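What follows is one structure encoded as structure tokens, with my remarks underneath.
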Amino acid sequence: MKRRLKMPQLWKAFSFLLVMCNGVVAQTANRVVFSLGTFQNVTVPGNTTVEVQVSGIPVEVTYLTFQFHTWRHNITLSYTEVPALGSSHTATDAGLLSPVLRSQTSLTWYLLASDSPPLTAVGVVLPYHGGDPVPGGCNLESGLNFDPSIHLRYTVFETTITVAAANVGYARGASPPSCNATGGPQTRLEYDVYQYFLREGDLSEETLLSHIQKVADVGGVTAHGTKVKTWVPGDELTASFGSAPGQGVIYSVVVRDPVLNTSALYVPVHSYACSFSSALDGCMTLGKISTKVFFTVVGLAGLCVCFFGHRFFKCELFWMGLCFAASIFYVIITETTTLNYDLRLALTSLMGLVGGVLLVMSWWRCGSILCCVGVVGLLLGFLLAASVFFTPVGSLSIFQSDAVFWVTFGAIVLAVPLVFLRWPREGSIVCCGVVGSYSVLLAVSTYISTSLSYLTLDVLKRLVDGSFSRTSATVAFQSIDYILLTVWVVLAGGSAALQLHRERERPFFPPSPYLMWQQERERRKTNVLDPSHHVPPLPSRLQGRLLGLIRRKEPAEERTPLLL
């Protein structure tokens, strides 16, 4: 009786070991065996070709896709042992598609890591059936007959992905449907674009290779990714997104056949929107010292303005004028010059100082409160408009038009100063709290990675780069962003409430020093009882001082002899 109970357990253990041996086979020097749908780490020595095999292909499988992902170095995936144009793909996220013939039960590919140290990466072979769409099956651009890869390129402003058109599924061993037929079955296919954000500031190889396994198949993409766009028949198969240097993003595209209710996945790609090989602006040198110094100073000043701005009105005007002028002149300098980043930042700081002094002097000389508060309100309006377009509203297709975007943006910006005309003191205090606390977040963002800095940076990018209008406003909003957003709300609300309570019994605004001086001068001229009324004018006093230097000073004591 005991033996009968142990036999099933032994058989389960034996079956488990058999599956494990079939799924993960030890890699030899130049050969590795994959099992369908099983992820496997592979080490590819430098300047060495590794043979990749998969066997035991079921009869219902029509084609296979092989994807191989590395962290930073390119890998070449080829159909032949010697890579050639039209039979290989070289990238950090390489992929190939191979149709399966009727009697075929195994396939072979080749991996090559040229001019690089030994690579450790992850690969997987995914099977598809006759009804599944064929990703890249209607490729007309490159030399590959099937191109299941996502082609990615990035700049400091945007990241663009492009895919080749897919074809509908077909039976194993049959000829694929023609891609040139107008109104053919492949025109019914739809494409869903997904994003998957890695942890902010995490550029490690372990993180990438572990997370990319989550979105390497259709089920993983739909479960963990975020759908950001859908291409319907007739759309151009390209999409642009805002670049966030140092933020890891995995892009995936799922092609669907709505008639057969089937789907397939293009080979996912990842990007950090920066280069690991650059010595100046590389991924490992993000956060320049000049940027940290500039925003740290602005953040500390903004923290003081946040709590004491309205009490020290001249300081508030200087700081607001600095921010207003710096934002404008950064765009102008970037558009009209080819200076490097540090020089642009230095000129921006200089023009910001000039703008702050001019705003203070305009109030000192003219005393126009509404004019100065209007400039302050423009900053708050800019921040409010940028916040609106930082939400999913900014990803709406209607705002990809520059005319619609800037008209809407300008309307929001101008609406805030108009409200301030009715409540100038309250508007000034609210602006101190909101804008001052946001400058604190900008200072924090130079030391830790956060997406809130892109709230205003995306608008500046759109001003500088005209093609940025096509990008998506989707950002990685993670736990640190929620924490900083809470800090921003609490800091802005608390500081504004504190200033409103403290200033409730004080005059709305301090008087202009120049106007006070004018009034005092007129008072002295008309008030004869005031001792200052009899003080000679300044030119007369200066003339008397000069004459006193060249004339002989008469003695003040009495020198006449006394008569006795």
Side-chain angles (χ1 to χ4, degrees), residues 294-327 352 355-356 359-360 363 369-391 409 412-446 448 450-457 459 480-510:
F294 177 81
F295 282 104
T296 300
V297 173
V298 171
L300 292 176
L303 184 62
C304 297
V305 169
C306 188
F307 288 95
F308 307 101
H310 192 73
R311 172 65 64 88
F312 303 96
F313 191 62
K314 293 188 288 293
C315 297
E316 173 194 347
L317 291 181
F318 176 78
W319 186 81
M320 294 291 181
L322 184 148
C323 295
F324 186 81
S327 302
L359 186 59
V360 173
W363 169 76
I369 294 298
L370 294 180
C371 180
C372 295
V373 173
V375 175
V376 173
L378 289 177
L379 276 176
L380 182 59
F382 177 85
L383 198 58
L384 177 63
S387 301
V388 171
F389 288 99
F390 191 68
T391 64
F409 191 91
I412 299 175
V413 172
L414 294 177
V416 176
L418 294 178
V419 176
F420 283 8
L421 295 179
R422 175 62 181 84
W423 298 282
R425 182 181 66 174
E426 289 75 9
S428 173
I429 292 176
V430 170
C431 188
C432 287
V434 176
V435 181
S437 57
Y438 181 72
S439 67
V440 176
L441 297 189
L442 289 180
V444 173
S445 68
T446 61
I448 61 175
T450 172
S451 297
L452 289 177
S453 60
Y454 291 93
L455 187 147
T456 53
L457 186 59
V459 180
I480 184 63
D481 299 302
Y482 289 106
I483 295 174
L484 291 178
L485 182 61
T486 304
V487 171
W488 184 18
V489 173
V490 172
L491 193 60
S495 60
L498 178 63
Q499 289 201 68
L500 287 172
H501 176 75
R502 190 174 55 219
E503 303 294 326
R504 69 188 186 280
E505 296 179 354
R506 294 174 58 88
F508 276 21
F509 290 94

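Note that the structure is a prediction, hence the values are computed from the model and not measured.
- Judged by distance alone, the side chain of Ser428 and the main-chain N or O of Pro424 form no donor-acceptor pair under 3.5 Å.
- Of all non-hydrogen atoms in Trp363 and Lys314, the two that sit nearest each other are CZ3-CG, 3.2 Å.
- Distance check: Phe409 CZ to Leu414 CG gives 10.5 Å after rounding to the nearest 0.5 Å.
- The minimum heavy-atom distance between Val434 and Ala492, with the atom names listed, is CA-CB, 3.9 Å.
- Note that CH2 of Trp319 is 4.0 Å distant from OG of Ser439, once rounded to the nearest 0.5 Å.
- Between the CG atom of Leu379 and the CG atom of Leu384 there is a distance of 12.5 Å, given to the nearest 0.5 Å.
- Of all non-hydrogen atoms in Gly299 and Ala443, the two that sit nearest each other are CA-CB, 4.0 Å.
- In terms of heavy-atom proximity, Pro417 sits nearest to Gly377 at CG-C, 3.8 Å.
- Using a 4.5 Å heavy-atom cutoff, the side chains of Thr456 and Phe382 are in contact.
- Not a single donor-acceptor pair under 3.5 Å links the side chain of Gln499 to the backbone N or O of Val430.
- Counting only heavy atoms from C-beta outward, the side chains of Leu491 and Phe307 approach each other to under 4.5 Å.
- Interatomic distance, CZ of Phe324 versus CG of Leu317, reported as 13.0 Å (0.5 Å rounding).
- Remark: Phe313 CZ to Arg425 CZ distance equals 12.5 Å, nearest 0.5 Å.
- The two residues Val416 and Gly381 make their nearest non-hydrogen contact at CG2-CA, 3.5 Å.
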Verdict with reasoning, Leu455 to Leu383, per side-chain contact (heavy atoms from CB on, under 4.5 Å):
CA-CA 8 Å; Leu455 187 147; Leu383 198 58; 3.7 Å; yes
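- Considering only heavy atoms from C-beta on, Leu442 stays 4.5 Å or farther from Val298 through its side chain.
- The closest donor-acceptor contact from the side chain of Tyr438 to the backbone of Leu452 lies under 3.5 Å.
- Closest non-hydrogen pair, Gly433 versus Ser437, comes out as O-OG, 2.6 Å.
- Taking CD1 of Ile412 as the reference point, atom OG of Ser387 lies at 9.5 Å (rounded to 0.5 Å).
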